[in-house]
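Please read the structure below before turning to the comments.
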There are 2 protein chains.
Amino acid sequence: MPSSPPTEAFPAHTPAASQVFVTVLCHGPLTRSDIGGRAGLSAAAVTKAVRPLIEAGYLVEDVGEETRPSLGRPANPVRVDGGRALFIGVKITGDEIIAVLTDLCCRIRVARHLPLTARDPGAVLTLASELVRELLAEADGFGAPVHGLGVAVSGDVDRAAGVVRYSPFLEWHDVPLAELLGMTTGLKVTVDNDVRALTVAEQWFGAGVGLSDFALVTVGAGIGCGLVVHGRVVSGAHGVAGEIGHVVIDPAGPPCHCGNRGCVEAIAADPAIVAAVRERTGVAVTDAAAALELAHRGDQGARDVYTRAGDAIGRAIGTVANLFGPERVIISGEGLAAYDLFAEQIRDAFAAAAFGTAAQCDLKTRPLPFDEWARGAAATAIQSFIRSEARH
Amino acid sequence: MPSSPPTEAFPAHTPAASQVFVTVLCHGPLTRSDIGGRAGLSAAAVTKAVRPLIEAGYLVEDVGEETRPSLGRPANPVRVDGGRALFIGVKITGDEIIAVLTDLCCRIRVARHLPLTARDPGAVLTLASELVRELLAEADGFGAPVHGLGVAVSGDVDRAAGVVRYSPFLEWHDVPLAELLGMTTGLKVTVDNDVRALTVAEQWFGAGVGLSDFALVTVGAGIGCGLVVHGRVVSGAHGVAGEIGHVVIDPAGPPCHCGNRGCVEAIAADPAIVAAVRERTGVAVTDAAAALELAHRGDQGARDVYTRAGDAIGRAIGTVANLFGPERVIISGEGLAAYDLFAEQIRDAFAAAAFGTAAQCDLKTRPLPFDEWARGAAATAIQSFIRSEARH
DNA sequence: CTTCTTTTATTGACAGCGGAAAAGAACCCA
DNA sequence: TGGGTTCTTTTCCGCTGTCAATAAAAGAAG
């Protein structure tokens, strides 16, 4: 039973108003003249865009000002009132559903996990709907409406259509997930690829704020990459981009399930690391945590595996940097737990692979609590909400 | 002595008008309603944009219509009058300057070459100015003003500033080429990286017309790559992108001047091929043409070298496709002369490397007469001319 | 040969967006 | 209390692109 009226329109009818809001959302409290400067608008335009946003409660005057650096009338900063609207983000993995309730600033208010027993669309839909309903119930306590639901799934996702075209982990083909979840939850649903969702979260709320060209590389069960070029997340002509996992690092390397040898994913993803550690050390580790522990305990064979993984990741990032010239590459993912083991190799291999000015690219690591994937999904919902009324 | 008044403004003051013109420029003769459909504008807006363009002579009614498929008032197509304006494109290589005079549709009218004896900016500037002056004299015979000069240089070029920041072949650092040539020729000068210039030419006048995401890969003395994402040529945060030449294909491969081993350029660029053929066959070939002839005569060692080059190029293109998901990759460059020797390997290696939907990407070859590099330069000038008055 | 239908192009009225300039507001400092 | 300074709002205005109505140019139908 949906608890909130989804009919409320976001009062940013014009591109400029939408841009003003996003500017404030990303860059914290800003005075009106700062907004104009950053968004390239006149002060008058800012005033006209800000007023309805304040009246609707999405922006508030930031009373907690402190800096009074100079002469003249004091500036009057505004900020986004995160509590004005809520969103739900859901990440569906092969064996778990993670759901978070966030506010408009994409801060997590509540998080829930649920193990996944069956992977067919019907079962997943039931569980996901259940989880969303729980969060909707929680949302009542915050006194703000839930304005959207974002869903992140790995694989080939058509965001515009809301369809999961192909998901290897779930073995789904052409599932109209947005429509289905829209019916069961009554919410406006945005479905996107998981890495792209995380990229949106970084772009608006993370280490990509203010950058028009950056990449996000995730290391974990797989190796993924999200790209932002000219300030927009790249989706590719066929809806798929950022497939860094199957960049071949070494044609003589271990075989990969994709049919090639020596893909990054066949060297540096969790399963590959586990297999390599087992082979090198003879210890029957079964998951990434065990492999990591072995390495942390000082086993040289295990450490060598991580060294090689770092080298592969660094080379892959170098390739990305050479092709795009991003200002920054953000490294994230569960695999970052092993960062101390391969940080040096990543940086060395990147520095060797990056050519010319591409080496100026800034490498930045970001720890990734597992809820973060679901937060990325919420970020896409927030994006859809803000843009929904912007495009005419 | 500049022969043309550069003060004439292009009558496309609004973004919509500029878009209308580019649409007609790229998609041949179009009826007004077709223009509206393609550019997403109302018929009224098209009428209002087209009129001043016709009055100024940049568009003309296309009387040579023939198709009368249906009922109703016959459509009234318009096309760009190429002869209305001329442009000069100059490509500076390490040992030659190529200059072309083109019309507004980027068709080459006159082409000139000049060997380069010295590479210092002063000498190059003198020769280039001389060549431009010759073409300006030629232009008088065509009865149209020369509206811009485009210059293409390999290396790190800041187009906005008109500065060659670093060119390895010329050994230039921070040469304000646009300003210098502007003074000697009196023309409005656009300077850009050579591969990006060629990419612009393909985007507007070649195999990239109508595509919002594609890549151009050039094979020859070096291996280059131009990228178009979301309809815009990618320049990277630091002004450099598309450095495909130093993607590592095989870490056990031949050493590259960049310090790594097994870069595409160290396997498939002309110097690498010549060196490999010499080594494999013992024949003292000194240039690409000789190596090619040896392979064409059936020498197996030489053929193997090309096979390997094709494999490397195909893998590199696969990497590009995986990362961007372009709709098409255009393969061009002088190295295409050997296409029959490695076409199969390129396609096979690409198919193996491309993951999932990236394999749907269309590979298309394009022969590249050497004048084409200069034509790319002219294309950037045309772009600047059209956009000059569009921004504000 | 007139009239209708169909499709294309143009016109004119109109709403909305954003900018320039001027006015207002809020503070500090004499 | 009156400058000086900086931030914000207001007023007005031009410009752009859409809507709806109109004109134009055919073929089809009677």
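Numbered from 1 within each chain, the chains take letters A, B, ... in sequence-line order. What you see is a predicted model; the values in this text were computed from it and never measured.
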For T190(B) against S384(B), the heavy-atom pair lying closest together: OG1-OG, 2.8 Å

Starting at CD1 of I35(A) and ending at P of dG18(C), how long is that distance when rounded to a whole Å? 14 Å

Separation of dT7(C) P from D34(B) CG (nearest whole Å): 14 Å

Ignoring backbone atoms, test whether S42(B) places a side-chain nitrogen or oxygen under 4.0 Å from the OP1 or OP2 oxygen of dC19(D). no

Is T14(B) close enough to dC15(D) that one of its side-chain N or O atoms is under 4.0 Å from OP1 or OP2 there? no

Identify the residue among T199(B), D192(B), N193(B) that makes a side-chain hydrogen bond (donor to acceptor under 3.5 Å, both in side chains) with R196(B). D192(B)

Regarding R32(B) and E61(B), does a basic nitrogen lie under 4.0 Å from an acidic carboxylate oxygen? yes

Using nucleotides 2-6 of chain C, report all nitrogen or oxygen pairs with the protein that are shorter than 3.5 Å.
residue : atom : partner : partner atom : Å
dT6(C)  : O2   : G72(B)  : N            : 3.4

Nearest heavy-atom pair of A215(A) and L227(A): which atoms, and what distance? CB-CD2, 3.8 Å

Out of R109(A), R375(A), R84(A), which residue meets the salt bridge (charged side-chain N to carboxylate O under 4.0 Å, His left out) rule with D103(A)? R109(A)

How would you label the contact of A45(A) with the nucleic acid (heavy atoms, under 4.0 Å): base, sugar-phosphate, or nothing? sugar-phosphate

With side chain to side chain contact (heavy atoms under 4.5 Å, CB included) as the criterion, how do L211(A) and V228(A) come out once you've worked through the C-alpha distance, each side chain's angles and the decisive distance to 0.1 Å? CA-CA 9 Å; L211(A) 305 182; V228(A) 171; over 6 Å; no

If an axis is fit to five pairs at each end of the helix from dC1(C)-dG30(D) to dA30(C)-dT1(D), what is the angle between the two, to the nearest 10°? 20°

note: D62(A), atom CG; dC7(D), atom C1'; distance rounded to Å ~ 16 Å

So, for L104(B) and F87(B), which heavy atoms are closest and what is the spacing to 0.1 Å? CD1-CE1, 3.6 Å

Write down the distance between CD (E61(A)) and C1' (dA25(C)), rounded to a whole number of angstrom. 14 Å

Please report, rounded to the nearest Å, how far the P atom of dT5(D) is from the CG atom of N76(A). 22 Å

Pull out every protein N or O sitting under 3.5 Å from an N or O of nucleotides 11-15 of chain C, one pair per line with the distance.
residue : atom : partner : partner atom : Å
dT11(C) : OP2  : R51(B)  : NH1          : 2.7
dT11(C) : OP2  : R51(B)  : NH2          : 3.1

Parallel under 30°, tilted from 30 to 60°, perpendicular over 60°: which one fits the rings of Y58(A) and F385(A)? tilted

